[in-house]
Amino acid sequence: MPSRKRKTSSRKKSTSRKKSTSRKKSTSRKKSTSRKKSTSRKKGKRKYGPKAGKKVKRAMHEMKRGELKSGRSGKKVKSRKQAIAIGLSEARREGGKVPARKRSSRKK
């Protein structure tokens, strides 16, 4: 009769390293943990009011459904940026808190 070898567990023996409890003191520079402060924006001041958000939301919804038309030509609006611009201009007309639109510096 051939002798059978018993299967040993397939688990590998781990070579455990002893973790030191004391930390190494580095002589190099400390990493700065301070964040950059943005000077362009003040904390707590909103740029757009709630009316502007509602108008833009409605314009985007109409654009996605294919119902939003541009002012003069009456063509369907397909651009996301144009839909946002239409919503903001409607909010401006109704007196919502929206920054003034940027004027292009093109010569006519």
| field | Worked check of side chain to side chain contact (heavy atoms under 4.5 Å, CB included) between Leu88 and Tyr48 | value | CA-CA 9 Å; Leu88 290 176; Tyr48 296 91; 3.8 Å; yes
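- With contacts defined as side-chain heavy-atom distances shorter than 4.5 Å, the pair Glu62/Met60 does not qualify.
- Contact detail for Ala59 and Ala83: the closest heavy-atom pair is CB-O, 3.5 Å.
- Side-chain atoms of Arg101 never come within 3.5 Å of backbone atoms of Ala85 as a donor-acceptor pair (strictly under, hydrogens ignored).
- In terms of heavy-atom proximity, Ala52 sits nearest to Ala91 at CA-CB, 3.7 Å.
- Every pair passing salt bridge (Lys or Arg N to Asp or Glu O under 4.0 Å) that includes a residue from residues 67-87 is listed here, sequence neighbours excluded: Arg65-Glu67.
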request  = Kindly indicate, with the supporting measurements, whether the criterion side chain to side chain contact (heavy atoms under 4.5 Å, CB included) is fulfilled by Ser70 and Gln82.
outcome  = CA-CA 9 Å; Ser70 71; Gln82 194 175 358; 3.8 Å; yes
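- The distance from atom NZ of Lys55 to atom CZ of Arg93, rounded to the nearest 0.5 Å, is 8.5 Å.
- The structure places OG of Ser89 at 12.0 Å from CD1 of Ile84, a figure rounded to the nearest 0.5 Å.
- Of the possible donor and acceptor atoms, none in the side chain of Lys97 sits under 3.5 Å from a partner among the backbone N and O of Arg92.
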